[in-house]
2 protein chains.
Amino acid sequence: MTKQRKVVYDVLRSKRDHPTAQMIFERTQKELPTVSLATIYNCLEALVSHDVVKQVNVDREPSRYCPNLAEHGHFHNKQTGDVIDINFKPDVNLAEFLDLPEGAVIEDLELNIKGFLK
Amino acid sequence: MTKQRKVVYDVLRSKRDHPTAQMIFERTQKELPTVSLATIYNCLEALVSHDVVKQVNVDREPSRYCPNLAEHGHFHNKQTGDVIDINFKPDVNLAEFLDLPEGAVIEDLELNIKGFLK
DNA sequence: GTAGTTTTTTAGAATAATTCTAATTCCAAT
DNA sequence: ATTGGAATTAGAATTATTCTAAAAAACTAC
């Protein structure tokens, strides 16, 4: 954990709105004015590969980052652009409802829902 | 439906291996040697926006395209790079198992599973 | 503490999928 | 045939991300 990685991680935890690397860069600059965007990407890469942060991709938009490690999906509000976490109801194992091929081992499951709030 | 769009659509239906735009470009060139990559993107955009083809994104890899319109997910085999369709078991309504916010209207649901075959 | 080694950060260049631009071609309807 | 509108094309532009090389920082053993 370097100083930069810690600040990036804190930025992510302090406002869980699924910011992009650019947004994280801007928020991190308030704390570390000389930080570079490459460092933001490096830090995020380190945090993601150590499984303390999840990278969230919706369509081909810039990646967003999320410190929620529990298995969950994302609701992308088309009207506001917001992305919020969607938890599964208790004791739900998604894989049970899927027609997976013989011998399939799931390493990662990604659920993205797009829509709006009525 | 122009000639190019028809060939692109036929290419997609004749081999349902979720090709990228580049792969579709190469396959289309066999039929239309003077076609351009921009046209492939244009045609795919037209087909996707008219809801006859689905665009499939896994991570930040190049988009893949799929003529299967039934609601389904995708299994991404990390060992082979293959992407295959995953159907839901009969009468399963995923939304029932999710903690959606009040008033959420689902317009699109995207399920990507990464793993391998044992 | 200091010399030596490794890791991280940084700025800027490079990359690659996709989109845009402007010119040309195609086609349908007059 | 001519015109008008849309589609196609080649190539330039865009943009999120990755790479490169150099400088800075962090560690390690002495």
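In what follows, every chain begins at residue 1, and chains take the letters A, B, ... in the order their sequences are listed.
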Open item on the list: Just by distance, no angles: are the side chains of Q4(A) and T39(A) close enough, under 3.5 Å, to form a donor-acceptor pair?
Closed with: no
S63(A) vs dT17(D): side-chain N/O to OP1/OP2 distance below 4.0 Å: yes
Whole-Å distance, Q55(A) CD to dT18(D) C1', equals 13 Å
When rounded to whole Å, the CD to C1' distance for the pair Q4(A) and dA24(D) reads 10 Å
Notebook entry, point to check: Looking only at side-chain N and O atoms, does R60(A) come under 4.0 Å of OP1 or OP2 in dA16(D)?
Noted result: no
**Request:** Verify the contact: side-chain N or O of T2(A) to OP1 or OP2 of dT9(C), cut-off strictly under 4.0 Å; return yes or no.
**Result:** yes
Atom CD of E61(B) and atom C1' of dA16(D) are separated, to the nearest Å, by 15 Å
Query raised in the report: Can a cation-pi geometry be assigned to R5(A) and Y9(A), taking NZ or CZ under 6.0 Å from the six-membered ring centre and within 45° of the ring axis?
Result: no
Legend entry - Side-chain donor/acceptor of N112(B) to backbone N/O of N57(B), under 3.5 Å: yes
Separation of dC27(D) atom C1' from M1(A) atom CE, nearest Å, is 18 Å
Next on the checklist: Under a 3.5 Å threshold, yes or no: a donor from one side chain and an acceptor from the other, between H76(B) and D82(B)?
Outcome noted: no
Exercise for the section: Give a yes/no on whether any side-chain N or O of R5(A) is located under 4.0 angstrom from OP1 or OP2 of dT8(C). Expected result: yes
Here the residues of residues 18-49 of chain B within 4.0 Å heavy-atom distance, strictly under, of DNA chain D are T34(B), V35(B), S36(B), A38(B), T39(B), N42(B)
For Q22(B), the side-chain contact (heavy atoms from CB on, under 4.5 Å) test, sequence neighbours excluded, returns T20(B), F25(B), E26(B), L37(B)
H50(B) NE2 to dA6(D) P, in whole Å, measures 13 Å
Is there a side-chain hydrogen bond (donor to acceptor under 3.5 Å, both in side chains) between H72(A) and N87(A)? Walk through the geometry before answering. CA-CA 5 Å; H72(A) 68 285; N87(A) 291 307; 5.3 Å; no
Atom CG of N57(B) and atom P of dA16(D) are separated, to the nearest Å, by 16 Å
